[in-house]
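Below is one structure, written out as structure tokens; the observations come after it.
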Amino acid sequence: MPVTKTLRTLQASASNSAGGTTTGSGLDLTEALGGLLTAKITNGGTGPTVACSLFIEVSGNGSDWKLFRQYEAQLGNSAVTQFAVDVPDTVMHVRTRFTGNTGQAVTVEAFLQELTSI
């Protein structure tokens, strides 16, 4: 039985400024079977005062977003925090939002290893 998997970008690598928010574009999963969301938050040479948080949000219509999961990165100079979260086939739309770091910018990114078809 052939299986199709597709790597989808939720948030290309970007700098999230101190006190800022980086929100990825929503991904339509209405014709997909879920997938594995992976994300990474990388602190700079001087870590933030308060850690950056990853919010994974879901929606039934692509515009009314609700919190699905929330995670917090590590503090520390040059610390790298990685996440892997299963997105079930019942989710219709998904996106990521990174926010909460103070004092220093951090680098963020997120991808979905989408199960496109079986």
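This structure is a prediction, so every number in the text was calculated from the model and none was measured.
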Anything under 3.5 Å between a donor and an acceptor, one on a side chain of residues 23-39, the other on a protein residue two or more places apart or in another chain? List them.
unit_1, atom_1, unit_2, atom_2, d
D28, OD1, T30, N, 2.8
D28, OD1, T30, OG1, 2.6

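Under the rule for a side-chain hydrogen bond (donor to acceptor under 3.5 Å, both in side chains), S17 has no partner lying at least two apart in sequence or in another chain. Legend: residues meeting side-chain contact (heavy atoms from CB on, under 4.5 Å) with A12, ordered by chain and number and at least two apart, are T9. Under the rule for a salt bridge (charged side-chain N to carboxylate O under 4.0 Å, His left out), the partners of D64 that lie at least two apart in sequence or sit in another chain are K66. With sequence neighbours left out, the side-chain hydrogen bond (donor to acceptor under 3.5 Å, both in side chains) criterion links T81 to Q74. Residues forming a side-chain contact (heavy atoms from CB on, under 4.5 Å) with V50 (at least two apart in sequence, or on another chain): T102.
Across all non-hydrogen atoms, the minimal contact from N43 to G76 is ND2-O, 2.9 Å. Listed here is the closest heavy atom pair of A18 and G103: CB-N, 3.6 Å. Summarising the geometry of P48 relative to L75, their closest heavy-atom pair is O-CD2, 3.2 Å, with the distance given to 0.1 Å. Across all non-hydrogen atoms, the minimal contact from A51 to A73 is CB-O, 3.2 Å.
Of the possible polar contacts, none joining the N16 side chain to the N101 backbone as a donor-acceptor pair under 3.5 Å is found. Checked by atom type and distance alone, the side chain of T99 never pairs as donor or acceptor with a backbone atom of T22 at under 3.5 Å.
M92 and L10 fall into different hydrophobic clusters, where Ile, Leu, Val, Met, Phe, Trp and Tyr are joined by side-chain heavy atoms under 4.5 Å apart, directly or via other members.
The ring-ring contact (aromatic ring centres under 6.0 Å, His included) contacts involving residues 91-111 comprise nothing, where partners must be two or more places apart or lie in separate chains. Sequence neighbours left out, not one pair with a member in residues 12-27 passes salt bridge (charged side-chain N to carboxylate O under 4.0 Å, His left out). For the side chain to side chain donor-acceptor pair (under 3.5 Å) condition, the pairs that include at least one residue of residues 108-118, sequence neighbours left out, are T4-S117, T6-T116, R8-E114, E114-T116. Among pairs with a residue in residues 55-79, those fulfilling ring-ring contact (aromatic ring centres under 6.0 Å, His included) read Y71-F83, at least two apart in sequence or across chains. The list of side chain to side chain donor-acceptor pair (under 3.5 Å) pairs with a residue in residues 53-63, not counting sequence neighbours, reads E57-R95, E57-R97, S59-N61, N61-S63. Among pairs with a residue in residues 9-18, none fulfils salt bridge (charged side-chain N to carboxylate O under 4.0 Å, His left out), at least two apart in sequence or across chains.
Just one residue in the list D89, V3, V87 forms a side chain to side chain contact (heavy atoms under 4.5 Å, CB included) with L115, and that residue is V3.
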